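Take a look at the structure set out below.
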Amino acid sequence: MSNIGFIGLGIMGNAMARNLLKAGHTVVAYDIVPALLDRVVGYGAARGESCRDVAARTEIVITMLPDGPEVEQAVLGPAGALEGAVEGSILLDMSSISPIVAQKVGAACAAKGVAFLDAPVSGGEPKAVDATLAIMVGGEEAVFQKVLPILKIMGSSVTLTGAVGAGNVTKLANQIIVACNIAAVGEALVLATKAGLDPEVVFNAIKGGLAGSTVLNAKAPMVIARNFKPGFRIRLHQKDLRNALLAAESMKVALPLTSSVQQILMALITEGKGDLDHSAIVTFIEAMAGIEVKSPQKAAAN
Ligand code: NAD
């Protein structure tokens with residue numbers, strides 16, 4: 001059993017740290033929000049005093065933070081994990097951040113003899129709770145093999161996709177496909193509704209064909225039911241697409257579809273919808289068409 005540090009105990013980190021405890025590992029936990037730390041201490045974790053303290057007391061440190069600036073602060077900042085980490089320990093960042101930041105943090109760790117992997121996840125809170133996350137990892141094969149048993153406690157699919165940064169490039173590829181797919185589903189359902197069709201009938205007619213997808217199956221019913229409870233928040237998806245565009249720019253790659261959807265997400269955040277599920281992208285398209293996606297019977301009843 002390992003002595004694992006866990007920094008960042010929000011929606012995802014809470015469930016992931018809990019699964020490590022359930023598997024019998026020792027966890028030293030820390031979050032800047034005391035109530036979130038109390039909750040995980042309640043599951044049996046030891047209380048960390050700072051990111052430095054967590055790293056000083058453990059040989060593997062996991063971070064699960066919102067974005068790159070928070071990872072830089074928690075790892076490289078004052079009282080950060082790197083100040084406490086000893087040579088030979090492993091830092092595993094499971095946040096979804098820019099691959100450029102992952103490489104910067106990885107290089108700073110390497111300079112101190114600390115191994116670094118970027119290992120973002122896909123699946124959201126339900127899969128974090130069930131320990132069925134998809135985990136995409138960047139870093140050295142030997143380090144990957146050392147932490148693989150720990151990653152398998154939190155996820156059902158764990159894949160090494162390349163060197164440090166590759167985990168986040170893979171995650172960004174995932175986020176591009178999901179965002180553009182949701183936007184396309186929104187446009188299709190708005191068109192069908194405007195034409196007087198029942199969007200539910202249209203969804204059922206097309207889901208078995210080439211347009212069928214996990215995104216269509218998950219998000220079309222939410223749109224039709226007007227259920228925008230997150231799931232995955234618009235503000236986090238906007239952050240992911242911003243990171244995709246920054247990474248693409250650094251490689252001189254144009255991503256016109258990603259750029260358009262990122263701007264739609266930005267507009268929705270400005271409208272106060274940042275905490276809705278990303279299926280609420282449809283509301284932007286609805287506003288331009290002057291129509292709401294719903295079945296004709298429901299529309300007539302209103
Ligand atoms: P969250 O905001 O719920 O949790 C992040 C936690 O980090 C918060 O509790 C915050 O207090 C803590 N934190 C921030 N700065 C800190 C610091 N310097 N030191 C210690 N703690 C600090 O976010 P989340 O939903 O758990 O997501 C975490 C990451 O996982 C994000 O990168 C997100 O994009 C990614 N992700 C989320 C989902 C999802 O559905 N929520 C799915 C896949 C991936």
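Count residues from 1 along the sequence. Read the numbers this way: they start at 1 and go in the same order the structure lists the ligands and their atoms. Note that the coordinates shown come from a computational prediction; the quantities given were computed from them, not determined experimentally.
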Query raised in the report: Applying the side chain to side chain donor-acceptor pair (under 3.5 Å) test to Thr283, which of Glu271, Lys273, Glu292, Arg226 qualifies?
Result: Lys273

Query raised in the report: For atom 4 (O) of ligand 1, what is the nearest protein heavy atom, given as residue, atom name and distance?
Result: Gly10 CA, 3.3 Å

Report task. Answer yes or no for atom 23 (O) of ligand 1: protein heavy atom present at a distance under 4.0 Å? Result -> no

Query raised in the report: Does ligand 1 have any atom sitting under 4.0 Å from a heavy atom of Arg233?
Result: no

Query raised in the report: Partners of Glu187 by salt bridge (charged side-chain N to carboxylate O under 4.0 Å, His left out), sequence neighbours excluded?
Result: none

Query raised in the report: What residue and heavy atom of the protein are closest to atom 2 (O) of ligand 1, and at what distance?
Result: Pro66 CG, 4.2 Å

Query - Parallel, tilted or perpendicular: rings of Phe232 and His237 (30°, 60°) - result: perpendicular

Query raised in the report: Quick one: does Ile7 get a heavy atom under 4.0 Å from ligand 1?
Result: yes

Requested in this report: If you have a sec, work out which protein heavy atom is nearest atom 3 (O) of ligand 1 and how many Å separate them, to one decimal?
Outcome: Ile11 N, 3.0 Å

**Report entry** Atoms in ligand 1 with a heavy atom of Leu36 nearer than 4.0 Å
**Finding:** 9 (O)

Query - Which of the ligand 1 atoms, numbered from 1, are nearer than 4.0 Å to a heavy atom of Val33 - result: 11 (O)

**Report entry** Numbering as shown, the atoms of ligand 1 that approach Gly8 to under 4.0 Å (heavy-atom distance)
**Finding:** 7 (O)

Requested in this report: Can you sort out the partners of Ala289 under side-chain contact (heavy atoms from CB on, under 4.5 Å), two or more places apart, ordered by chain and number?
Outcome: Val190, Ile291

Query - Interfacing atoms of ligand 1 (cut-off 4.0 Å, heavy-atom, Lys171) - result: 43 (C), 44 (C)

Query raised in the report: Does Met94 come within less than 4.0 angstrom of ligand 1, counting non-hydrogen atoms of the residue?
Result: no

